[in-house]
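Small disclaimer: the values here were computed from a predicted structure and weren't measured.
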Amino acid sequence: SVAPPGEGPAPSQGQVGSGSKTSKGSPFSVNKDVVKITAKKGEVVVENLTLQALREAEVEIKTENIEDLDFVTLSEDKFRIFKNDKKLINIVVAPSKNTIPDVYSGKLIITSEGFSISVVAVIEIKELSPLFDIKIDIPPKFGKVSSGGTVEGDLVLYNLGDVFPVDVTLFYSIRDLYGKDIFFKEETLKVEEQRLVKISLNIPEELESGWYLVYGRITYNNITATSSSVIKVTKTKINYPLIIGILITILIIFFAFHKEKVRGMTNLSYNKAKSILINLKNKRKENWTLKLNDLKSKIETAFGSTPTRK
């Protein structure tokens, strides 16, 4: 959906991926596999994770690729859980007025007794009073995609200033959780109050399974606005038994067809040869008949009539 002109999209306070994650034998499960938090500069946003204890154990939470962000803190990173208890972990995002607006991503790695569960963490920082904004809308059917596939969606660009139109640079990509752009496109567009852009991004065949971002950024002079949407890529696996089975089936059909064709050709050759022999026999009969008639004609000419037997 597109917001009315001049309003822009309202920041999402703690967007999260649903579903529970657990690992076989692990002493706990987690209620989310993705945590996405959007906060404006100078604001404080709190999101939480819930751990369900399956037995008593010591738990530790480490951050990956977001450990250096001074505006992200956890309420606890080491604690003990007891069977059937639920443990609430708060993720606090408090960007200062000097924080650079962008999309920051990484993982929360929760470990216990040698078991580990990773939760994707995506944090979007926005300007307090932005002149521009961008929203990414990826339909649910593209939320999971196979390597070699395509992700399609909408980018909505918002001009919240008082100059119309303006030329902005639009950059969008498939990005990993460590900030590397796997595949990207860039173009310059005119934006009045808002503009809808349809996008299509190819997922490379060699891309490994995991969580990735559809990342978008618009730039005007030194002003930028960013947004993201989380997708899951599944590595396409080659089903060798299926391929072998298909090849064997094709070969069987081919040889069966070839055999019938050879049999048909053999029958055709036999019938043709038989027909030739019959024709030769008939022609031979015709030749003898002609010769006998010729001899009869000569005798009649010589004696005046055909001799009769007494």
Please tell me if the side chains of [X] and [Y] come closer than 4.5 Å, counting only heavy atoms from C-beta onward.
{"X": "Lys41", "Y": "Ile125", "value": "yes"}
{"X": "Lys198", "Y": "Asp154", "value": "yes"}
{"X": "Leu131", "Y": "Leu160", "value": "no"}
{"X": "Ile134", "Y": "Tyr172", "value": "no"}
{"X": "Leu157", "Y": "Leu170", "value": "yes"}
{"X": "Glu60", "Y": "Lys78", "value": "yes"}
{"X": "Asn159", "Y": "Phe132", "value": "yes"}
{"X": "Ile123", "Y": "Phe71", "value": "yes"}

Which heavy atom in [X] sits nearest to a heavy atom in [Y], and how many Å separate them?
{"X": "Leu108", "Y": "Ala121", "answer": "CG-CB, 4.4 Å"}
{"X": "Ser227", "Y": "Ile136", "answer": "O-CD1, 3.5 Å"}
{"X": "Asn31", "Y": "Thr50", "answer": "OD1-N, 2.9 Å"}
{"X": "Asp85", "Y": "Gln52", "answer": "O-NE2, 3.4 Å"}
{"X": "Tyr220", "Y": "Val168", "answer": "CB-CG1, 4.1 Å"}
{"X": "Asp176", "Y": "Ser105", "answer": "O-OG, 4.1 Å"}

Single-linkage hydrophobic cluster, 4.5 Å side-chain cutoff, [X] and [Y] together:
{"X": "Ile109", "Y": "Leu74", "value": "no"}
{"X": "Ile244", "Y": "Ile252", "value": "yes"}
{"X": "Ile100", "Y": "Leu69", "value": "yes"}
{"X": "Leu201", "Y": "Leu189", "value": "yes"}
{"X": "Leu88", "Y": "Phe79", "value": "no"}

Would you say CZ of Phe184 has more than 12 non-hydrogen atoms from neighbouring residues, nucleotides or ligands within 6.0 angstrom?
no

To the nearest 0.5 Å, tell me how far [X] [atom1] sits from [Y] [atom2].
{"X": "Arg175", "Y": "Ser228", "atom1": "CZ", "atom2": "OG", "result": "9.5 Å"}
{"X": "Phe142", "Y": "Ser200", "atom1": "CZ", "atom2": "OG", "result": "7.5 Å"}
{"X": "Asp70", "Y": "Ser96", "atom1": "CG", "atom2": "OG", "result": "6.5 Å"}
{"X": "Ile182", "Y": "Asn202", "atom1": "CD1", "atom2": "CG", "result": "13.5 Å"}
{"X": "Glu58", "Y": "Thr111", "atom1": "CD", "atom2": "OG1", "result": "11.0 Å"}
{"X": "Thr99", "Y": "Leu128", "atom1": "OG1", "atom2": "CG", "result": "12.0 Å"}

Check this for me, if you would: do Glu124 and Lys36 make a salt bridge, where the nitrogen-to-carboxylate-oxygen distance has to be below 4.0 angstrom?
yes

Just one of Thr150, Val233, Ile138 clears the side-chain contact (heavy atoms from CB on, under 4.5 Å) bar with Val145, so which one?
Val233

I'd like to know whether Leu49 forms a side chain to side chain contact (heavy atoms under 4.5 Å, CB included) with Ile61, so could you lay out the CA-CA distance, the side-chain angles of the two residues, the decisive distance to 0.1 Å, and finally the verdict.
CA-CA 11 Å; Leu49 285 176; Ile61 303 177; 5.8 Å; no

So does Glu67 get a backbone contact from the side chain of Lys62, meaning a donor-acceptor N/O pair under 3.5 Å?
no

Do side-chain atoms of Arg195 reach the backbone of Lys190 as a donor and acceptor pair under 3.5 angstrom?
yes

My understanding is that only one of Thr38, Asp133, Asp102, Thr226 makes a side chain to side chain donor-acceptor pair (under 3.5 Å) with Lys126; could you say which?
Asp133

Decide side chain to side chain contact (heavy atoms under 4.5 Å, CB included) for Ile89 and Leu51; before the verdict, give the C-alpha distance in whole Å, the side-chain angles of both, and the deciding distance to 0.1 Å.
CA-CA 8 Å; Ile89 304 299; Leu51 274 65; 4.2 Å; yes

Please lay out, stage by stage, how Ile231 and Val151 fare under the test side chain to side chain contact (heavy atoms under 4.5 Å, CB included).
CA-CA 9 Å; Ile231 62 170; Val151 175; 3.9 Å; yes

Row check, Phe28 ring normal vs Lys87 NZ/CZ: under 6.0 Å, within 45°
no

Which atom pairs, donor and acceptor, lie under 3.5 Å between side-chain atoms of residues 204-214 and protein residues at least two apart or in another chain?
from   : atom 1 : to     : atom 2 : distance (Å)
Ser209 : OG     : Lys235 : N      : 2.6
Tyr212 : OH     : Glu208 : O      : 2.9

